[in-house]
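Everything quoted here is computed from the prediction, not taken from an experiment. We number each residue from 1, following the sequence as shown.
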Amino acid sequence: MHRATYLIGMVGLNEMAKIHTGHEMHESKDAFKFGLQVIAHMKLLAEKMSKRHDMRFVLEQTPAESTSYRFAKLDMRFHSPQAGYIVKGDIARGEIYYTNSTYLSNDAVINPIERVREEGLFHPLIEGGSLTHIWLGETRPSPESLANFVTKTFQFTQNDQIAFSPEFTTCNDCARTARGLMARCAYCGSEDVDGITRITGYFTKISSWNKGKLGELRDRYRNEAFIRKKADDKQIQIAV
Ligand SMILES: [Zn+2]
């Protein structure tokens, strides 16, 4: 057991920064610095606890698929109306969530390499594993542009890992799969379709997602280097 590592995850750093500084982390330098200080402090605490208990505690970007939804729901229940100003997503639909781990807001309109650079500043503090998502939507970037992006990430940022995440629509009638999230099958026109994309680290069918994750999916800013803006509501309704 002395070789075991105990992982500590975090959810909602971005919203915590907003409560304390008035801004989300991508909106102001102070808010971003505040976020870095919180994680640096958590890292120190983890090191102290490791020494004190002779156990190995490290920070990790845990997937927290349900926690980011659950925390937001609990805060809405016990801390309304204030929580309503802070939680992300769509309150009317009940699709609310907190931004996971140390990520910048999903809907922040930021150049992808800038997101990779800024989120990467947290990565040296997180020993258990960290990454930045690049949401591609339906675009198919060329191998050259992907290679160029990876090279830039390696040379100019501290980012540990990046994940390029496309989206697909799969048809329950003809069993074919097309790029992008669509309300009907691109091949046979059937409306009996499901979306597939990365929920956190892995790909799943959107029909299995909780409401918080659906809210996040609607918010995801598809990165403009490989261009496409937010998927419109109609497209994502296939999932609801
Ligand atoms: Zn079809």
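Here R179 contributes atom CZ and T139 contributes atom OG1; the two are 7.5 Å apart, rounded to the nearest 0.5 Å. Separating the NZ atom in K18 from the CE atom in M25 is a distance of 13.0 Å, to the nearest 0.5 Å. The line from CG of L13 to CZ of F34 is 7.5 Å long, rounded to the nearest 0.5 Å. The line from CG of L121 to NE2 of H123 is 9.0 Å long, rounded to the nearest 0.5 Å. Atom NZ of K152 is separated from atom CD1 of I162 by 11.5 Å, given to the nearest 0.5 angstrom.
Between F57 and H53, the two ring planes are perpendicular [angle over 60°; tilted spans 30° to 60°].
Between Y97 and Y69, the gap from one ring centroid to the other reaches at least 6.0 Å.
Just one residue in the list R218, R220, K88, R115 forms a salt bridge (Lys or Arg N to Asp or Glu O under 4.0 Å) with D107, and that residue is K88.
Contact annotation: the side chain of K205 approaches that of T170 to within less than 4.5 Å [non-hydrogen atoms, C-beta and beyond]. Looking at L44 and E47, their side chains come closer than 4.5 Å, going by heavy atoms from C-beta outward. Contact check for L59 versus F122: no side-chain heavy atoms found under the 4.5 Å cut-off. In this structure, K213 and S68 have side chains that are in contact, with non-hydrogen atoms separated by less than 4.5 Å. At least one side-chain heavy atom of M10 sits less than 4.5 Å from a side-chain heavy atom of T102. Q82 places none of its side-chain heavy atoms less than 4.5 Å from the side chain of I86. Under the 4.5 Å side-chain criterion, counting only non-hydrogen atoms from C-beta, I206 is not in contact with I196. Looking at V87 and F71, their side chains never come closer than 4.5 Å, going by heavy atoms from C-beta outward.
Side chains of E15 and T99: a donor-acceptor N/O pair is present below 3.5 angstrom, by distance only. With 3.5 Å as the limit, one finds a donor-acceptor pair spanning the side chains of T132 and N159. Looking at S130 and D160, their side chains do bring a donor and an acceptor atom within 3.5 Å of each other. When only modelled atom types and interatomic distance are considered, S207 and D194 share a side-chain donor-acceptor pair under 3.5 Å.
With hydrogens and angles ignored, the 3.5 Å screen pairs no side-chain donor or acceptor of R140 with any backbone N or O of P166. For the pair D173 (side chain) and D192 (backbone), a donor-acceptor distance under 3.5 Å is absent. Here the side chain of T21 pairs no donor or acceptor atom with the backbone of D30 at under 3.5 angstrom. With hydrogens and angles disregarded, a donor-acceptor distance shorter than 3.5 Å links the side chain of R184 to the backbone of G189. Using a distance-only test at 3.5 Å, with no hydrogens or angles considered, no donor-acceptor pair links the side chain of R56 to the main chain of S50. One N or O on the side chain of E119 and one on the backbone of L104 form a donor-acceptor pair closer than 3.5 Å.
The hydrophobic cluster containing I19 does not contain M42, counting ILVMFWY residues as joined when their side-chain heavy atoms lie under 4.5 angstrom apart, directly or transitively.
Atom CZ of R70 has 12 or fewer heavy atoms from other residues, nucleotides or ligands within 6.0 Å.
The two residues L131 and Y103 make their nearest non-hydrogen contact at O-CE2, 3.1 Å.
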Can you list the steps and then say if I134 with V116 is a side chain to side chain contact (heavy atoms under 4.5 Å, CB included)?
-> CA-CA 9 Å; I134 317 279; V116 166; 3.7 Å; yes

